[in-house]
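Down below is the structure, laid out as structure tokens.
Excluded from the calculations below are hydrogen atoms, water molecules and symmetry mates; all remaining heavy atoms, backbone and side chain alike, are included. Lettering of chains follows the sequences in order, A, B, ..., and the numbering in each one begins at 1.
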There are 2 protein chains.
Amino acid sequence: MAKRNYGQFCGLAHAADLVGERWALLIIRDLLVSAKRFTDLRRGLPRIPTNVLSARLKQLEADGVIERRVLPRPEGSVVYSLTDYGHDLEPIVHALGRWGARSMGEPKPDDIVTPDSLVIAMRSTFQPDVAAALTASWELRAGPAVIHVKIDEGKLTTDVGELPDADLTIETGPAIKALMAGELTAEQAIEAGHVRLEGNPALLTTFAEVFRI
Amino acid sequence: MAKRNYGQFCGLAHAADLVGERWALLIIRDLLVSAKRFTDLRRGLPRIPTNVLSARLKQLEADGVIERRVLPRPEGSVVYSLTDYGHDLEPIVHALGRWGARSMGEPKPDDIVTPDSLVIAMRSTFQPDVAAALTASWELRAGPAVIHVKIDEGKLTTDVGELPDADLTIETGPAIKALMAGELTAEQAIEAGHVRLEGNPALLTTFAEVFRI
DNA sequence: CTGGATCCCTCACGATACTG
DNA sequence: CAGTATCGTGAGGGATCCAG
């Protein structure tokens, strides 16, 4: 049984054949942050059925977008990662994320925030020109999702997990989006209790300037 | 009944909620070329069921990506066009199209080529720096799809339809992709009979340089 | 415990017919 | 022309189970 496809000899149609199916782009989003095992992907995409995840991974691998590697002993575990071709989707994922964020209102009651999505949000909103020559680090906590962001002389690195010696730790909720969109100033966010800070509070303004929707 | 969504407070997930469903991106592709009526969209997407087209148009309108306008008399007909927000997808559609084109092999027997997809292919592969200060025009015929391309002092305009006074008319098939990808030189394409020209044949090489996968 | 496979159910999609 | 109506099919969703 051949895969369903759009039947058009067109780059966009072919791209949609490859990564246009449900969940595919979110799998790629998480793999852009780091290579992952099957179970890690499940954790980052709690609502994906395992059979769908399994099917997507198979198809994406067959299409040359991701790779499946079995680690050497003693782990013996399976790791999925992007191929070079798949990794070339990064600017597209970033641009789509920025585009979508512009019309994203308040989170619905059972919306979740995953660490990987936060990392991508940081990477895609980073303003290199604003951050030129800047050096600073933040830890960002949104509910259970904890990530960190470092800028070293204008160069960005960001990943999931804590950063105990961060210059500023920001504990926040959805308001972080309003802050990054400029709908809220740092002062307003602090006053309204939308953020809890630990460290150098002046760096909250810097943060809002460097990461911009 | 609420729309199915990914349940993640994430720009990419939200974008996928808006334009990630089947056919949505192809509808947007065609609307990027020009505003269209329901029947025009059907013509450009022959395999889309009308109820799906109808559902997509409704949802995209509700989400602020497209607009539905009823033309004043005597037409009284309905026209769909992109909103400003929807139009902002253009660079993303172009980038995805280029990405997909890289892994697009030979067309399958019943693959079709539509005029709109060709126009988008031209726009997304246009190399402004190569074309700087250039002035030339082409008519491109791929089966029933006929489009034209004009470059006026480096500025590109392209649309569906003929261009009787084009500097060069190119009648071709899938080989146009190989030509644009550099897998085939203009001479080889001519020699192998992949293209039929009418006009200034030297402009075929120019074409292959200016439109590059 | 990881990495899936399997089952069942539902609903979105696909094909076609039909209407204002 | 611009859709709606109907109906069959298959992909997606959810739970459970199994092998290494």
Given atom [atom1] of [X] and atom [atom2] of [N], what is their separation to the nearest angstrom?
| X | N | atom1 | atom2 | value |
| --- | --- | --- | --- | --- |
| Arg68(B) | dC1(D) | CZ | C1' | 12 Å |
| Glu21(A) | dC13(C) | CD | P | 12 Å |
| Arg4(A) | dG10(D) | CZ | P | 11 Å |
| Asp40(B) | dA2(D) | CG | C1' | 11 Å |
| Tyr80(B) | dC1(D) | OH | P | 14 Å |

Cation over ring face, Arg212(B) and Phe126(B), 6.0 Å, 45°: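 Relative to the ring axis of Phe126(B), which defines the angle, Arg212(B) lies outside at least one limit.
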Does Tyr6(A) have Arg22(B) sitting over its ring (NZ/CZ under 6.0 Å from centre, angle to axis within 45°)?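 Yes, Arg22(B) lies over the aromatic ring of Tyr6(A).
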Looking at [X], I'd like to know whether one of its side-chain N or O atoms comes within less than 4.0 Å of OP1 or OP2 on [N].
| X | N | value |
| --- | --- | --- |
| Trp23(A) | dA11(D) | no |
| Arg56(B) | dC13(C) | yes |
| Arg22(B) | dG14(C) | yes |
| Ser54(B) | dT4(D) | yes |
| Thr39(A) | dG3(C) | yes |
| Lys58(A) | dA5(C) | yes |

Between the base of dA2(D) and the side chain of Thr50(B), is one N or O donor paired with an acceptor at under 3.5 angstrom?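 In this structure, the two groups form no donor-acceptor pair.
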Do the side chain of Asn51(B) and the base of dG14(C) come within less than 3.5 angstrom through a donor-acceptor pair of N or O atoms?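 Indeed there is one.
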Donor-acceptor pair between His194(B) and Thr172(B) side chains, under 3.5 angstrom: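 No, because no side-chain N or O of His194(B) sits under 3.5 Å from a partner of the opposite role on Thr172(B).
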Electrostatic pair Lys177(A):Glu183(A) at N-O distance under 4.0 angstrom: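 Between Glu183(A) and Lys177(A) there is no salt bridge, as every charged N stays at least 4.0 Å from the carboxylate O atoms.
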